[in-house]
Amino acid sequence: MTLKDLKIGNTASVTSVGGSGALRQHFLDMGIIPGAEVTVVKYAPMGDPVEIMIHGYELTLRLDDAAEIGVEPCEASSSSGAVRTPDRKNEHPGLGEGGRFHPKGSGDPLPEGTTLTFALVGNQNSGKTTLFNQLTGSRQHVGNFPGVTVDRKDGAIIGQDDTLITDLPGIYSMSPYSSEELVSRDFVLKEKPRAIINIVDATNIERNLYLTIQLLEMGIPMVIALNMMDEVTGNGGSIDVNTMESMLGVPVVPIAAIRNQGISELVEHAVHIAKYQERPARQDFCDESDHGGAVHRCLHAVIHLIDDHAKAAGLPVRFAASKVIEGDQLIIDQLGLDQNEKEMLEHITLQMEKERGLDRSAAMADMRFSFIMNVCSACVIKPRENKEHARSRKLDSLLTGKYTAIPVFIIVMGLVFFLTFGVIGAFLQDILARGVDALTVVVDNALTAGGVNEILHGLIIGGIFEGVGSVLSFLPIIVTMFFFLSLLEDSGYIARVAFFMDKLLRKLGLSGRSIVPLLIGFGCTVPAVMSSRTLPSERDRRMTILLTPFMSCTAKLPIYAFFVNAFFARYKALVMICLYLGGIIVGILVALLYKKTWFKGEAVPFVMELPNYRIPSAKNVLQLLWEKAKDFLQRAFSVILIASIVVWFLKSFDFRFDLVEDPGQSILAAIAGILAPVFRPLGLGSWQIVTSLISGFMAKESVVSVLEVLFGAQGGVSSVMSPLAAASLLAFSLLYTPCVAAIASIRRELGRKSALYVVIWQCAVAWAAALIVRLIGMALGLG
Amino acid sequence: MDLIDIILIAAIVLCFASAIRKVIKMKKNGGCSCGCRDCEKDCSYRESR
């Protein structure tokens, strides 16, 4: 029987873990090991993937992968972790505190002035970035989705000179499964921080300690920050910190990062262990009496065998031995073992497998989880189901329910767009546009009254005010859109969308996790491209990045709003919806094309943790809004200001720098005229439109400002363009190359060739789509 | 040319120069001009390396 065959609510014990390679290792690292108890929570609305409960947390995986896991039905135990009430108060071991106990090392501090470097390591969604922000006073983005941090971030601890703490992407183990896990592992191994701050989610302690055990094996000074202790104690649980500290051999500090509780104590311990280089008192977690000590003997034999190689390679020997047994090729290569040694290692490992009755990876994972269970049974009193989880369960019955998930998703997204474009954003935009218009009139009158030079007057009103002013009024729409996207992400809803959209996205060759970059793409392509780093497979990551430009970003909104208001005011909402849907449909077609050609094969397995729903923090949301508004204003007064002035200059002068009466004689008309024939089949052959589209490559918003500058004197764009040409232009704007910032981020992620490919490919697709729109319009007699 | 014209020209030139400086700074940050929080931090991280 396999996990796939279990019904909702059924509990079973894992008997075998099939599959191979990194995915199998990932299953084991996530706690799916022989003997573990799993309960099926629910199936996604389309029947796949499945959500299971294991070690007290919820994990989702696809049915194909569930079919690889052998199970045997059993009765659910009352609690997933063996627990008992600690019967006596244990003395505090005092690790990481001055003048008490130095288990290893002489206690000599590092020389004054040495920078104490710390790595902040922990599972995904355990609160690392929240803690980082508390420690450093910085304002990094935090979200309720596994994998918000996709690159390392540095900062000094407040009030501690000569410290540098690095926030690393969340990882589940030291086996590199995704590129972010590799970033974290490489940092710890290669940059050798003076100490590690390991953040552990106390509400999900068994799985979090798995990473802790591997970090302890590295022998680097470490302090454990038991985060979310407020939730544990608030729900009737507790953790005997003193016992845990003596069992693990490193300081353990209970904290609640979000409430800033326990942070100063954590900093004191962290600085102490880093300064005195107090290494973990315990690195050996194998049990001599377990199955005749098979794993214990194997591990110690390997440690002796590779000791010299590990030292030469600068790797912690205990850690290297574990990885060699697990068959981690990256570590084996680094050790540079000779053939004899490799053969000897294989014999030792085979013998262990035979004696233990488990394969090497499962045996190592089992050894670690056995130790963790011992620690938990000695120190942890499990809380009753916490309020957050109970609330999530209730919400999930609606938001991920079989018949309700997809309709609710459509309603939620519809509501986001309706409120953004129809109610809040549009209302605020109207107010701002009136303000800008009034200011323009005031300045215009003042310049006239002051008898300012005519050319200068033209530059200020026709160039700067027309250009920058027209773009400024779109600020409210963009900020409102980001407000809703941020609410969805911070609440934990987007993780659910990934869960129930997986089956659909798999048909396009993508994984459910790809939905996150794609949804963020509706805000801005740059963070969307970056957020693709959480995808564990290179194939999925590349394909997702190449598809994000099809999701219409907020910077294109001013273009849509401008043309829709000018030409299709009666069908405003309909045209807007058609544009967004158009982008999605073309994206789907391109995805299918990629799947059949460039990205043949299946998307990687979907293994993801579903976080509890949380109420988004007002501070976090407001901070995001402020930064988006600041960013938009910065661009309006830099890129768009320059574009407006340059365009005004080029359209006002000819090559002899004489002022021209007819802009058709200007420098701009001559330059843009060269490209105009390419756009003629689309009905967009005028030099003004070509110019605006070129400027859109710098920043999409500037398309509108340039059109205002160029057409302003002729009574606006509606007097010189037909509705069909406007529709063709909208189709082109929707799909053509993303702005230079997005291209730069694609270049960073995929390289120069791919970035160039995106520019050319997007332009070609946009050209074809605009032509189709025009031909359909002409066939319908609209031209 | 009046004094007011000269003042206005000077103001525009200053604004223009400041805008160009800002764009150059953005470009230095790994070609990023989006300025959004995630990539801004990413850029400053890359710059600090």
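Within every chain, numbering begins at 1; the chains are lettered A, B, ... in the order of the sequence lines, protein sequences first and strands thereafter.
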Determine the minimum heavy-atom distance between A:L456 and B:I12, stating which atoms define it. CD1-CD1, 4.1 Å

For the student: nearest non-hydrogen atoms of A:S638 and B:A19, plus distance: CA-CB, 3.7 Å

Who passes side chain to side chain donor-acceptor pair (under 3.5 Å) against A:D186, sequence neighbours left out? none

Can you name the residues that form a side chain to side chain donor-acceptor pair (under 3.5 Å) with A:S754, not counting sequence neighbours? A:R542

May I ask you to test the A:L459-B:L8 pair for a side-chain heavy-atom distance under 4.5 Å? no

Measure the shortest side-chain to side-chain distance between A:V646 and B:F16 over non-hydrogen atoms and say whether it is less than 4.5 angstrom. yes

Under a 3.5 Å distance rule, please check whether A:N453 uses its side chain to pair with a backbone N or O of B:D5 as donor and acceptor. no

Less than 4.5 Å to any heavy atom of chain B: does that hold for the side chain of A:L641, its backbone, both, or neither? side chain

